[in-house]
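Only a predicted model underlies this, so the values are computations on that prediction, with no experimental measurement involved. Read the numbers this way: they start at 1 and go in the same order the structure lists the ligands and their atoms.
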Amino acid sequence: MTGVSMATISRALSNPGKVRPATRMRIEAAIREFRQKSSSGRSGLIGMIVPDIANEFFPLMLSGVEGEGSESGCTVMLCSCNGQMKAEERALRKLLDIGVDGIIYITSGSAPPLLKETIASQSLPVIFLDRDPGIPGTALITTDNRNGMLQAARYLATLGHRRILYLGGSEGTSTEMLRWQGFMEAMADASIHGDAIGELHAGFSASAAYEAVKDLIAVGGFGYTAIAAANDVMALGALKAIREAKKRVPEDVSIIGYDDIPSAAFSDLTTVRQPFMEMGRSAILQLMAAISDCSMPQKRTVLPSSIVFRGTCAIARD
Ligand code: RIB
């Protein structure tokens, strides 16, 4: 824990003046932590692994976690992994080495080997949030992603849109797969098929969505009257590209997003609201219960989403 020898630790305790202040402070901190863990068996630390802290959605869930966690004296250690599985595995290793009491985990896609080992060993409570890691028997708190996008795409079809572009997120995540399924179910219900359905994937990124839609317009391939985006930041990226091409929103192109992050309201974006504060609160409450009682059953909770009607969708023109 300290990186120094037992002889140095012993000297720091018996003759502190003989040890460099920085080393001594490190040793004292490690001893405090060790005593705390050994007495209560807990560090009071909770780890939280998220794909991309730059996406407003994840800090919003963190605030739900921290709000409830601080009430119980927990400190949350946040690790952002830029959507990379290797970075995710490094973060998990570090949290295990530090000795957190439990982890709230939002996976970037496929589960790293260390995560599967940690779950199999049952050595540490882990609550999965938002995205299903695809590991059987794990606790998960998420929302009705398939139904949320089904309602969003159905809303566009109800407005008379017959040529709709789907702007998808990170392929391989459960949220993206379920939203795509919901979208295609709505298209089938409205008898919209073939090249009337467009599909672009932009990894839940605003800049990637902007570039993809801009490029599609540039090659004359944007023959759609509506866009259903799998998250708000991509919807806002698409909005920028549409407006730069002198198309009006919603008169020429309707756009609906997903999440309802604060930027959505400022851009008057119609979107699907995810109850991110409730998601975060539920995750930390379930984790603290699991820390107290490791025999707790691994619960899976699906919270409802709802459409927030604002100004970026309108009836399709002829
Ligand atoms: O914006 C990031 C997206 O990925 C959100 O919709 C959230 O559900 C996560 O899965």
Side-chain angles (χ1 to χ4, degrees), residues 48-65 78-85 87-88 104-111 127-135 138 140-153 166-183 200-210 212 227-239 255-267 269-283 300-308:
M48 185 167 179
I49 293 177
V50 302
D52 175 13
I53 201 67
N55 180 330
E56 281 178 62
F57 179 79
F58 298 111
L60 289 165
M61 281 209 286
L62 170 63
S63 57
V65 170
L78 179 70
C79 304
S80 181
C81 306
N82 196 29
Q84 304 301 317
M85 186 174 84
E88 207 175 289
I104 293 173
Y105 204 114
I106 306 177
T107 176
S108 296
S110 46
I127 303 291
F128 289 95
L129 180 55
D130 177 49
R131 299 173 181 182
D132 189 339
I135 303 175
T138 49
L140 171 69
I141 289 159
T142 186
T143 62
D144 56 349
N145 289 285
R146 178 190 179 108
N147 183 57
M149 182 55 83
L150 170 63
Q151 297 308 321
Y166 177 78
L167 198 44
S170 306
E171 294 177 279
T173 59
S174 62
T175 47
E176 166 49 31
M177 286 188 280
L178 289 167
R179 290 172 200 171
W180 168 247
Q181 289 172 6
F183 174 81
L200 286 177
H201 281 273
F204 289 130
S205 150
S207 53
Y210 166 73
I227 296 175
N231 79 342
D232 287 344
V233 292
M234 292 195 296
L236 298 176
L239 198 61
I255 301 183
I256 190 165
Y258 208 106
D259 288 339
D260 197 23
I261 57 177
S263 299
F266 292 122
S267 304
L269 179 68
T270 296
T271 186
V272 177
R273 175 168 183 70
Q274 293 206 81
F276 30 75
M277 291 295 284
E278 188 182 347
M279 293 168 81
R281 260 198 309 275
S282 305
R300 293 172 80 85
T301 306
V302 179
L303 298 171
S305 55
S306 54
I307 294 183
V308 179

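Close approach of ligand 1 to Asn55 (heavy-atom distance below 4.0 Å) involves ligand atoms 1 (O), 2 (C). Heavy-atom contacts of Thr175 reach the following atoms of ligand 1: 8 (O), 10 (O) (cutoff under 4.0 Å). Counting atoms of ligand 1 from 1 in the listed order, those under 4.0 Å from a heavy atom of Arg179 are 5 (C), 6 (O), 7 (C), 8 (O). Ligand 1 places these atoms under 4.0 Å from at least one heavy atom of Asp130: 7 (C), 8 (O), 9 (C), 10 (O).
The backbone N or O of Thr107 sits less than 3.5 Å from a side-chain atom of Arg131, completing a donor-acceptor pair.
Neither the backbone nor the side chain of Glu176 comes within contact range of ligand 1; no heavy atom lies under 4.0 Å.
Inspection of the Thr143 and Gln274 side chains reveals an N or O donor paired with an N or O acceptor under 3.5 Å. For the 3.5 Å distance criterion, the side chains of Ser305 and Asp144 qualify, holding a donor opposite an acceptor.
For atom 6 (O) of ligand 1, the nearest non-hydrogen atom from the set Asp259, Thr143, Thr107 belongs to Asp259.
The shortest non-hydrogen separation linking Met85 to Ser110 is SD-O, 3.3 Å.
Among all protein heavy atoms, the one lying closest to atom 4 (O) of ligand 1 is Arg131 NH2, 2.8 Å.
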Exercise for the section: Could you go through the side-chain hydrogen bond (donor to acceptor under 3.5 Å, both in side chains) check for Asp130 and Thr142 one step at a time? Expected result: CA-CA 4 Å; Asp130 177 49; Thr142 186; 4.7 Å; no
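Using a 4.0 angstrom heavy-atom cutoff, Tyr258 does not count as in contact with ligand 1.
For the pair Asp132 and Arg300, the minimum side-chain heavy-atom distance is below 4.5 Å.
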